[in-house]
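Following: one structure in structure tokens, then a few remarks.
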Amino acid sequence: MFIRVIRGQLSFLILGVLAVQKHVVNIMINQISDKADRGEELAPAEIQALLEISDPAELQALYDCAYRVKTKNVGQVAYFRGIIECSNICIKDCCYCGIRKSNTQVERFQMDEEEIVREALWAFENEYGSVVIQSGERQDAAFIEMIERVVRRIKKETGGKLGITLSLGEQTEETYRRWREAGAHRYLLRIETTNPKLYRKLHPEDHDLEERKHCLALLKKTGWQVGTGVMMALPGQTSEDLVNDILFMKKIDVDMIGMGPYIPHRDTPMGEKIPPYTDEQKMNALTLGLKMIAVTRIVLKDINIAAATALQALEHTGREMGLKCGANVIMPNVTETGFRPNYTLYDNKPCTDENSSMCRGCLSRRITGIGETIGFNEWGDSKHYSERVKKELAP
Ligand code: SAH
Ligand code: SF4
């Protein structure tokens with residue numbers, strides 16, 4: 001009897017403590033969200049508190065706050081970048097990636113010049129304002145020259161109207177300069193993680209975080225709109241790591257961010273140890289991806305943020321959810337269907353059996369369905385970039 005009374009009082013006490021804690025967290029979220037609405041800077045501890053939210057109502061409050069910041073700074077327009085995955089040949093061996101050079105299970109391909117230009121023209125005719133040309137990393141002269149020719153041809157054949165983003169890995173200053181002069185104007189190079197120990201675990205010895213940072217500096221020096229990003233839900237990654245990632249992106253003053261959750265690939269050193277994600281694991285990775293987008297929008301305000309395809313691999317409407325949490329760029333696949341299954345960075349990549357028209361149609365419907373407009377025929381450059389250039393040119 002006595003024990004039962006004590007047990008009853010204990011559970012009452014625990015419930016009371018939890019209720020008080022929840023109340024305190026609620027007040028804190030409201031305060032942080034008010035600060036964000038007023039455009040004030042958040043302290044690292046506040047950023048971390050936002051990233052650690054798990055209560056559904058608080059999560060929704062965070063997403064709503066990020067959407068307000070997005071609307072105020074960059075509007076409710078989603079810009080399309082048609083992504084052309086032009087080759088899965090890679091000289092790198094990142095331990096998470098399905099097309100790493102040591103994966104012998106992959107059938108390698110390299111599109112020729114004609115194919116890449118044809119796909120870019122398809123994107124142009126279908127009113128996509130820009131394309132992203134992405135591939136595994138190659139640094140040989142033939143590749144560098146081929147990309148330069150492709151960029152020049154796309155510019156010429158679209159009367160300079162199609163925006164071109166490149167995502168072709170680490171290159172020399174000269175290569176970045178050549179591709180920029182050929183007419184491409186945005187470059188995406190994810191830092192992946194800014195935690196040196198974690199970076200080491202994710203990459204072989206000859207891959208270097210400092211070199212990656214140096215490349216981002218070279219891109220800025222050679223006049224690109226610079227994009228970077230990280231993966232989240234990585235084994236061993238903490239919320240503190242993610243705070244530091246956001247602060248790094250802020251410090252280097254990036255113009256665009258493309259980031260998404262890590263998804264295992266079975267034929268990689270990291271992925272082979274991880275059983276396929278359960279529904280709960282998928283949901284956790286998706287939520288973390290959405291939280292990162294939301295918090296990054298709140299902190300960096302006027303940059304472009306892409307809702308990564310990896311979000312869609314975890315949940316069918318993951319990219320639209322990304323737009324509702326602060327992203328403003330979507331990268332529909334315009335790669336010819338035949339090549340798609342061989343560009344598998346992670347397992348269960350979506351849309352590998354669809355063609356480009358299907359992707360365009362279903363995405364457009366879903367985006368207008370959430371009340372956003374699509375910036376057809378527009379480059380949709382990062383507002384942050386124009387502000388940055390104005391400041392740099394100011395006397
Ligand atoms: N080779 C270039 C571009 C292609 S890879 C580069 O590495 O920069 C593009 C992005 O895919 C990488 O930056 C990485 O963040 C992401 N990626 C690779 N493997 C992944 C995985 N298993 N899960 C989620 N994203 C992955
Ligand atoms: Fe190559 Fe990029 Fe994959 Fe690394 S992430 S193995 S560089 S394609």
Side-chain angles (χ1 to χ4, degrees), residues 81 83-106 108-110 132-139 143 147 165-171 175-176 179 186-194 198-199 201-204 206-209 211-213 215-216 218-219 224 226-235 237 245 249 254 256-274 276-277 281-282 285-286 288-289 292 306-314 318-319 331 333 335 342-350:
R81 323 277 187 234
I83 184 159
I84 304 169
E85 298 162 337
C86 71
S87 166
N88 64 359
I89 301 170
C90 190
I91 58 169
K92 290 285 189 68
D93 231 352
C94 308
C95 303
Y96 42 83
C97 177
I99 61 170
R100 63 199 298 271
K101 75 167 175 207
S102 301
N103 184 4
T104 52
Q105 308 296 313
V106 184
R108 303 285 166 175
F109 73 90
Q110 168 71 63
V132 179
I133 301 177
Q134 189 182 76
S135 76
E137 193 170 303
R138 277 181 60 183
Q139 298 171 338
F143 179 74
I147 294 293
T165 305
L166 300 182
S167 175
L168 304 169
E170 294 170 28
Q171 303 290 341
T175 304
Y176 287 145
W179 289 345
R186 308 186 194 107
Y187 204 101
L188 278 177
L189 183 74
R190 285 187 182 176
I191 195 73
E192 314 295 3
T193 172
T194 56
L198 185 56
Y199 191 92
K201 270 205 242 160
L202 304 180
H203 299 95
D206 58 347
H207 294 36
D208 185 5
L209 177 60
E211 181 56 28
R212 203 112 180 134
K213 288 185 187 167
C215 284
L216 286 169
L218 289 179
L219 285 165
W224 295 82
V226 182
T228 190
V230 293
M231 281 180 287
M232 57 293 283
L234 287 162
Q237 190 179 42
D245 292 342
M249 297 192 275
V254 285
M256 337 176 272
I257 291 180
M259 58 189 171
Y262 161 68
I263 302 176
H265 186 292
R266 61 190 175 285
D267 300 322
T268 59
M270 265 172 75
E272 69 186 7
K273 297 183 204 129
I274 305 175
Y277 275 178
Q281 284 172 312
K282 279 191 193 167
L286 174 74
L288 191 55
M292 265 302 268
T309 312
L311 293 173
Q312 196 192 353
L314 296 167
R319 286 187 296 184
M331 307 206 296
N333 204 332
T335 311
N342 290 325
Y343 196 85
T344 312
L345 308 177
Y346 44 83
D347 288 333
N348 300 323
K349 192 164 168 246

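In each ligand, atom 1 is the first atom listed, and ligand 1 is the first ligand listed. Positions are given from 1, in the same order as the sequence printed here.
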Could you grab the distance from atom [atom1] of [X] to atom [atom2] of [Y], nearest 0.5 Å is fine?
X: Tyr96; Y: Tyr346; atom1: OH; atom2: OH; result: 13.5 Å
X: Ile133; Y: Ser87; atom1: CD1; atom2: OG; result: 12.5 Å
X: Arg100; Y: Met270; atom1: CZ; atom2: CE; result: 10.5 Å
X: Leu286; Y: Gln312; atom1: CG; atom2: CD; result: 11.5 Å
X: Met231; Y: Asp245; atom1: CE; atom2: CG; result: 10.5 Å
X: Leu202; Y: Glu192; atom1: CG; atom2: CD; result: 8.0 Å

2.8 Å cut-off met by an N, O or S atom of His207 to atom 4 (Fe) of ligand 2
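Of the N, O and S atoms in His207, none lies under 2.8 Å from atom 4 (Fe) of ligand 2, which means no.
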Which of the numbered atoms in ligand 1 are below 4.0 angstrom from a heavy atom of [X]?
X: Arg190; answer: 13 (O), 14 (C), 15 (O), 16 (C)
X: Arg212; answer: 6 (C), 7 (O), 8 (O)
X: Tyr343; answer: 4 (C)
X: Tyr262; answer: 21 (C), 22 (N), 23 (N), 24 (C)
X: Ser167; answer: 3 (C)

Does ligand 1 have an atom that lies less than 4.0 angstrom from a heavy atom of [X]?
X: Cys94; value: no
X: Gly271; value: no
X: His265; value: no

Is any heavy atom of the protein nearer than 4.0 Å to atom 8 (S) of ligand 2?
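Given the 4.0 Å cut-off, atom 8 (S) of ligand 2 counts as touching protein heavy atoms.
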Glu272 side chain to His265 backbone, donor-acceptor under 3.5 Å
no
Report yes if some heavy atom in the side chain of Thr268 is under 4.5 Å from a heavy atom in the side chain of Cys95; otherwise report no.
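Thr268 vs Cys95: side chains apart.
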If you measure from [atom] to every heavy atom of [options], which option wins on shortest distance?
atom: atom 4 (C) of ligand 1; options: Pro261, Ser135, Ala233, Gly258; answer: Ser135
atom: atom 9 (C) of ligand 1; options: Glu137, Arg100, Gln134, Met231; answer: Gln134
atom: atom 21 (C) of ligand 1; options: Val132, Thr309, Thr193, Ile263; answer: Ile263
atom: atom 13 (O) of ligand 1; options: Glu192, Met270, Arg138; answer: Glu192
atom: atom 11 (O) of ligand 1; options: Val230, Leu345, Asp347; answer: Leu345

Do any of the N, O or S atoms of Cys90 sit under 2.8 Å from atom 1 (Fe) of ligand 2?
yes
Evaluate the criterion side-chain contact (heavy atoms from CB on, under 4.5 Å) for residue pair Arg266 and Gln105; output intermediate values, then yes/no.
CA-CA 11 Å; Arg266 61 190 175 285; Gln105 308 296 313; over 6 Å; no
When distances are taken from atom 3 (Fe) of ligand 2, the protein heavy atom at minimum range is Cys97 SG, 2.4 Å
Protein heavy atom at shortest distance from atom 19 (N) of ligand 1:
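Its nearest protein heavy-atom neighbour is Tyr96 CD1, 3.4 Å.
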Subset of ligand 2 atoms that lie under 4.0 Å from at least one heavy atom of [X]:
X: Ile99; result: 8 (S)
X: Cys94; result: 4 (Fe), 5 (S), 6 (S), 7 (S)
X: Lys92; result: 1 (Fe), 6 (S), 7 (S)
X: Gly136; result: 8 (S)

Heavy-atom pair of closest approach, residues [X] and [Y]:
X: Leu216; Y: Ile191; result: CD1-CD1, 4.1 Å
X: Ile274; Y: Pro264; result: CG2-CG, 3.8 Å
X: Tyr187; Y: Thr165; result: N-CG2, 4.3 Å
X: Trp179; Y: Phe143; result: CH2-CE2, 4.2 Å

Where's the contact between Ala310 and ligand 1, heavy-atom distance under 4.0 Å: side chain, backbone, both or neither?
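Looking at Ala310 and ligand 1, no heavy atom falls under 4.0 Å.
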Given the options Gln139, His207, Lys92, Glu170 meets side-chain hydrogen bond (donor to acceptor under 3.5 Å, both in side chains) only with Lys92
